Amino acid sequence: MVKKNACVFISGTGSNLKHLINNSRDYNFPVKISLVISNNPSSKGLAYAKKNSIPYLIIDTKKRNFEISTLNKIRKYKISIICLAGYMKILSKKFILSFSKRIINIHPSLLPKFKGLNTYARIIEKNEKKTGCTVHYVNDRLDDGKNIIQKSFFLNKNDNVNILKVKTQKLEYLAFSEAIRRIYRYS
Ligand code: GRF
């Protein structure tokens, strides 16, 4: 099958990137991870790009023209979908409109609940019964676009921030790839 090109944006550990790379090896997976972009030169996730010989780009979001040069790179690699996997910067409305193809994000809560940062601590503080993760389309508002998939689980009394993170990320690794499969199956 002819795979579409995907670009994954990261800022940190890159465990979602790692799973996307592994899952994309499947012959039937609709995309190939063709480019990795990080705004953080010491992002651990860059090691996965290097290890798998995937081209990567480190961007300096303080530079005035960084969005233009990022878009140029994305065009050069004929990217059909951008996957935000722990990318800790907000994409500008201009960037989103200029790309004009799909941009998706993964968030560690059942959106629209708990948009934004410090998600796990807020979930525990609010005594939520159920939580999970969401893969959604990106628009110019934070954690706001249409949901593609959610996966959930019930909290235990002893769950703390670290346990919640482990449980949620286990579901994220499944949800991200499932969302991509879903997008291309229905398009
Ligand atoms: C993920 O848990 C995701 O929900 C959030 O950032 C985290 C990134 O983790 N947006 P990693 O870099 O993929 O390990």
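These figures come from a predicted structure and were not determined experimentally. Worth knowing before you read on, the calculation uses all heavy atoms, side chains too, and leaves out hydrogens, waters and symmetry mates. As the structure lists them, so they are numbered: ligands from 1, and atoms in each ligand from 1.
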Polar proximity ligand 1 side, [X] side, N/O cut 3.5 Å exclusive:
X: Gln169; answer: yes
X: Gly12; answer: no
X: Ile106; answer: yes

Heavy atoms only: which of Ser11, Ser38, Ser15, Ala175 lies closest to atom 11 (P) of ligand 1?
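Going through Ser11, Ser38, Ser15, Ala175 one by one, Ser15 has the nearest heavy atom to atom 11 (P) of ligand 1.
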
Is there a heavy atom in Gly45 that sits closer than 4.0 Å to ligand 1?
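Heavy atoms of Gly45 never come under 4.0 Å of ligand 1.
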
Under 4.0 Å, counting heavy atoms only: does Ile10 come that close to any atom of ligand 1?
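No heavy atom of Ile10 comes that close to ligand 1.
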
After noting the C-alpha distance and the side-chain angles of Asn147 and Thr134, does the key distance pass the side chain to side chain donor-acceptor pair (under 3.5 Å) rule?
CA-CA 7 Å; Asn147 288 352; Thr134 306; 4.9 Å; no

For residues Ser15 and Tyr173, is any side-chain donor paired with an opposing acceptor at under 3.5 Å?
yes

Is it the case that Ser80 and Asn5 place a side-chain donor and acceptor less than 3.5 Å from each other?
no

Would you mind running through ligand 1 and noting each atom that sits below 4.0 Å from a heavy atom of [X]?
X: Pro108; answer: 4 (O)
X: Thr13; answer: 12 (O), 14 (O)
X: Gly86; answer: 6 (O), 8 (C), 10 (N)

Does the structure place the NZ or CZ of Arg102 under 6.0 Å from the centre of the six-membered ring of Tyr184, at an angle of no more than 45° from the ring's axis?
yes

Just to be sure I read this right, does ligand 1 sit under 4.0 Å from the backbone of Glu172, its side chain, both, or neither, counting only heavy atoms?
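Contact part for Glu172 vs ligand 1: side chain (C-beta onward).
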
Could you give the distance from CG (Leu171) to CD1 (Ile149), rounded to the nearest 0.5 Å?
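The distance works out to 10.0 Å.
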
Between Asp26 and Lys3, is the salt bridge (Lys or Arg N to Asp or Glu O under 4.0 Å) condition met? List the steps.
CA-CA 11 Å; Asp26 180 345; Lys3 297 191 180 207; over 6 Å; no

Output, in order, the C-alpha distance, side-chain angles, deciding distance and verdict of salt bridge (Lys or Arg N to Asp or Glu O under 4.0 Å) for Lys151 and Glu178.
CA-CA 10 Å; Lys151 286 193 181 285; Glu178 223 170 293; 3.1 Å; yes

Mind telling me whether Phe9 and Tyr87 have parallel, tilted or perpendicular rings, with 30° and 60° as the class edges?
perpendicular

Measure the distance from atom 12 (O) of ligand 1 to every protein heavy atom, then report the residue, atom name and distance (to 0.1 Å) of the closest one.
Gly14 N, 2.7 Å

